[in-house]
Number of protein chains: 2
Amino acid sequence: MGRKPLTTEQRDAMRARILDAARKQFLKGGLNDLSMRDIASNVGISAMTIYLYFRNRQAIVFALIREGLDKLRDEMYRFTEIEDPMERLIRMGEAYVGFAFENPQYYRALTETIPHNGRDRDRRAEHAKLLDDVSAMVKPILQTVGELTGSRKSREATNETLVLWCVLHGFVSLALNDRLRFLRASDDDLRQQLRRMVPRMLTVRRD
Amino acid sequence: MGRKPLTTEQRDAMRARILDAARKQFLKGGLNDLSMRDIASNVGISAMTIYLYFRNRQAIVFALIREGLDKLRDEMYRFTEIEDPMERLIRMGEAYVGFAFENPQYYRALTETIPHNGRDRDRRAEHAKLLDDVSAMVKPILQTVGELTGSRKSREATNETLVLWCVLHGFVSLALNDRLRFLRASDDDLRQQLRRMVPRMLTVRRD
DNA sequence: CAACATTTTTTTACAGCGTAAACAATGGGA
DNA sequence: TCCCATTGTTTACGCTGTAAAAAAATGTTG
């Protein structure tokens with residue numbers, strides 16, 4: 001007896017509505033401007049109701065970061081079918097940079113969220129898993145670089161991938177956070193410059 | 001008539017005490033854990049008294065970022081006297097990475113603070129100037145790269161510097177934010193690996 | 001129907017935040 | 001002593017995340 005619990009569909013629908021409102025807010029003003037009360041008000045529910053669908057604010061943040069991760073991976077994996085490893089690599093690099101420029105909030109959340117070091121073991125584990133997954137998004141690049149350097153030397157492929165990822169991320173990170181002012185270049189100029197850099201990084205490395 | 005204003009020394013002393021407390025808090029928990037009330041309580045004054053010495057919280061944040069910038073520049077400029085440009089560059093790169101690993105909070109504040117886009121023109125200008133200065137910290141590297149590539153082609157030197165800075169920052173940023181988990185390497189391993197990367201990046205580029 | 005059990009939602013409350021405004025203390029010149 | 005500019009504190013406002021209590025909604029049973 002008693003009131004029946006919500007169906008899975010109902011729960012998922014409400015979660016989606018909450019996440020939609022959260023995403024809207026997040027894409028506009030970043031994680032800092034994401035408040036439980038604003039989300040609730042946009043959904044049309046009271047603030048505490050959110051806690052029936054998400055454990056807390058960080059659960060929402062994590063969900064958004066996972067979204068960003070999925071989106072970025074999709075846009076990179078789109079090119080896994082290209083046969084020529086060099087071209088595949090270039091396309092993936094461009095996709096990576098393109099994603100970052102078009103989704104700066106997602107990219108910042110993906111790369112700048114600070115690891116959690118609280119007492120709560122579950123929380124730590126959850127955060128660790130998220131960081132593992134973010135870190136692992138470089139795998140298709142790693143595999144492609146492996147094809148380029150010869151699959152035997154996996155250590156070398158790892159090193160080359162590290163360099164490449166650092167260039168890509170460093171560039172994007174500095175550009176998004178407006179730390180490339182000394183160049184006095186537009187975003188388009190920068191992206192074009194980087195496009196020339198990616199193949200050079202690896203053509204150089206091939207010999 | 002009226003009470004005499006504090007001497008410059010008195011004002012500076014109090015500013016320093018406030019900044020000391022702020023720095024202590026900041027180095028421990030980053031910018032997010034920096035609260036006016038905690039600073040005040042540590043100095044032994046009331047929260048609002050801080051506002052007699054700093055316009056607001058962001059003025060304190062900016063002061064801390066400027067500290068970090070000065071510190072980082074000092075540690076890089078220490079090697080400007082080295083004659084061999086290649087060695088000078090390597091030392092500067094190591095100093096850059098060393099600073100970041102030993103002062104993660106400073107480094108994050110230096111590179112991840114989000115540009116201000118409010119209505120206040122003075123605030124925007126102040127932030128823009130800070131970002132200009134952070135961006136300009138790459139100049140000694142730029143100049144050294146210029147010596148290596150031949151001073152005529154300043155455009156090429158700029159490009160090479162950009163790549164190098166991106167590698168350095170990208171590496172540091174990913175490492176500090178724990179996004180290099182796929183490597184399963186310790187901080188020391190990572191730094192050693194980077195040390196091998198820096199000269200290679202440029203020896204490659206010399207020919 | 002009323003009574004009850006159970007789940008969902010809201011209301012209320014607390015501790016924290018940055019900071020504007022009002023107030024109190026200080027100390028030198030008239 | 002009174003005045004008044006300067007320094008410092010107290011109070012208050014509107015935010016924040018979320019714990020706890022109260023309320024509402026919705027089903028089953030007598």
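Basis for what follows: all heavy atoms, side chains included, without hydrogens, waters or symmetry-related copies. Just so we're clear, the structure is a prediction, and the values are computed from it rather than from any experiment. Chain identifiers are assigned alphabetically (A, B, ...) following the order of the sequence lines, protein sequences preceding nucleic acid strands; residue numbering begins at 1 within each chain.
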A.B. asks: Can you tell me the distance, in whole Å, between the CG atom of A:Asp33 and the P atom of D:dC15?
C.D. replies: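 From A:Asp33 CG to D:dC15 P: 14 Å.
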A.B. asks: Would you kindly give the CD-to-C1' distance between A:Gln10 and D:dG27, to the nearest whole Å?
C.D. replies: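 The distance from CD of A:Gln10 to C1' of D:dG27 comes to 13 Å, rounded to the nearest Å.
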A.B. asks: Tell me, please, which residues at least two apart from B:Asp70 pass side chain to side chain donor-acceptor pair (under 3.5 Å).
C.D. replies: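 Only B:Arg73 meet the side chain to side chain donor-acceptor pair (under 3.5 Å) criterion with B:Asp70.
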A.B. asks: Of all residues at least two apart in sequence or in a different chain, which pass the side chain to side chain contact (heavy atoms under 4.5 Å, CB included) check with A:Asp178?
C.D. replies: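 Counting only residues at least two positions away or on another chain, A:Asp178 forms a side chain to side chain contact (heavy atoms under 4.5 Å, CB included) with A:Arg181, B:Pro115, B:Leu131.
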A.B. asks: Tell me: CG of B:Leu34 to P of C:dG16, nearest whole Å?
C.D. replies: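 Rounded to whole Å, this separation is 17 Å.
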A.B. asks: Would you please name every residue forming a side chain to side chain contact (heavy atoms under 4.5 Å, CB included) with A:Asn42, sequence neighbours left out?
C.D. replies: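 Partners of A:Asn42 by the side chain to side chain contact (heavy atoms under 4.5 Å, CB included) criterion, ordered by chain and then number, come out as A:Ala21, A:Gln25.
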A.B. asks: Excluding sequence neighbours, so at least two apart, what forms side chain to side chain contact (heavy atoms under 4.5 Å, CB included) with A:Asp133?
C.D. replies: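 Checked A:Asp133 against side chain to side chain contact (heavy atoms under 4.5 Å, CB included); matches are A:Arg66, A:Leu69, A:Lys129.
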A.B. asks: Which residues within residues 46-65 of chain B lie with some heavy atom under 4.0 Å of an atom in DNA chain D?
C.D. replies: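 Going residue by residue through residues 46-65 of chain B, the ones with a heavy atom under 4.0 Å of DNA chain D turn out to be B:Ser46, B:Met48, B:Thr49, B:Leu52, B:Tyr53.
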A.B. asks: Compute the bend angle of the helix from C:dT6-D:dA25 to C:dA30-D:dT1 from the end axes (five pairs per end), rounded to 10°.
C.D. replies: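 Rounded to the nearest 10 degrees, the bend comes out at 40°.
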A.B. asks: Output all residues satisfying ring pair (Phe, Tyr, Trp, His ring centres under 6.0 Å) with B:Tyr106, sequence neighbours left out; order by chain, then residue number.
C.D. replies: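 B:Tyr106 satisfies ring pair (Phe, Tyr, Trp, His ring centres under 6.0 Å) with B:Phe26 once adjacent residues are dropped.
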A.B. asks: Less than 6.0 angstrom separating the ring centers of B:His127 and B:Phe62, yes or no?
C.D. replies: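 Yes - the distance between ring centres of B:His127 and B:Phe62 falls below the 6.0 Å cut-off.
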A.B. asks: Write out all pairs satisfying salt bridge (charged side-chain N to carboxylate O under 4.0 Å, His left out) with one or both partners inside residues 29-58 of chain B, taking only residues at least two apart or from two chains.
C.D. replies: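 Residue pairs with at least one partner in residues 29-58 of chain B: B:Arg55-B:Glu126.
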A.B. asks: Please determine, for the side chain of B:Asp38, which listed nucleotide (C:dG18, C:dC17, D:dT18) has the closest atom?
C.D. replies: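 My answer, after comparing the listed nucleotides, is C:dC17.
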A.B. asks: Taking all non-hydrogen atoms of both residues, which atom of A:Leu162 and which atom of B:Gln193 are closest, and how far apart?
C.D. replies: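 The answer is CD2-NE2, 3.6 Å.
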A.B. asks: Could you list, one pair per line, each protein nitrogen or oxygen that sits under 3.5 Å from a nitrogen or oxygen of nucleotides 2-6 of chain C, together with the distance?
C.D. replies:
unit_1	atom_1	unit_2	atom_2	d
C:dT6	O2	A:Arg3	N	3.2

A.B. asks: Could you tell me how far apart A:Met36 (CE) and D:dA19 (P) are, to the nearest whole angstrom?
C.D. replies: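 Whole-Å distance recorded here is 10 Å.
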A.B. asks: Whole angstroms only, please: what is the CG-C1' distance between A:Leu6 and C:dT9?
C.D. replies: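 Taking CG of A:Leu6 and C1' of C:dT9, I get 11 Å after rounding.
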A.B. asks: Hey, are B:His169 and B:Thr111 close enough side-chain-wise for a donor-acceptor pair under 3.5 Å?
C.D. replies: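 Per modelled atom types, B:Thr111 and B:His169 side chains form no pair under 3.5 Å.
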A.B. asks: Would you mind reading off the distance between A:Arg11 atom CZ and C:dT9 atom C1', rounded to a whole angstrom?
C.D. replies: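 So the two atoms are 13 Å apart, to the nearest Å.
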A.B. asks: Run the salt bridge (Lys or Arg N to Asp or Glu O under 4.0 Å) test on B:Arg88 and B:Glu81 for me, step by step, so that the C-alpha distance in whole Å, both residues' side-chain angles and the decisive distance to 0.1 Å come before the verdict.
C.D. replies: CA-CA 8 Å; B:Arg88 193 195 316 149; B:Glu81 312 265 319; over 6 Å; no
A.B. asks: Check whether any side-chain heavy atom of A:Asn177 lies under 4.5 Å from a side-chain heavy atom of A:Arg108, and answer yes or no.
C.D. replies: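 Yes - at least one pair of side-chain heavy atoms lies under 4.5 Å apart.
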A.B. asks: Does anything in residues 14-29 of chain B come within less than 4.0 Å of DNA chain C? Heavy atoms only, and list the residues if so.
C.D. replies: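 When residues 14-29 of chain B is checked for heavy atoms under 4.0 Å from DNA chain C, there are no hits whatsoever.
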A.B. asks: Can you pull the salt bridge (charged side-chain N to carboxylate O under 4.0 Å, His left out) pairs that have at least one residue in residues 13-22 of chain A, sequence neighbours excluded?
C.D. replies: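 Sorted pair list: A:Asp20-A:Arg23.
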A.B. asks: When the distance from CD1 of B:Ile39 to P of C:dT19 is rounded to whole Å, what number comes out?
C.D. replies: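 Result: 11 Å.
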A.B. asks: Return the set of residues passing side chain to side chain donor-acceptor pair (under 3.5 Å) with B:Glu87 (not counting sequence neighbours), or none when no residue passes.
C.D. replies: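 B:Glu87 satisfies side chain to side chain donor-acceptor pair (under 3.5 Å) with B:Arg91 only.
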A.B. asks: Has the side chain of B:Arg37 got a donor or acceptor atom sitting under 3.5 Å from an opposite partner on the base of C:dG16?
C.D. replies: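 For B:Arg37, whose side chain was compared with the base of C:dG16, there is no donor-acceptor pair (under 3.5 Å).
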A.B. asks: Are the ring centres of A:Tyr96 and A:Tyr107 closer than 6.0 Å?
C.D. replies: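 Yes - the distance between ring centres of A:Tyr96 and A:Tyr107 falls below the 6.0 Å cut-off.
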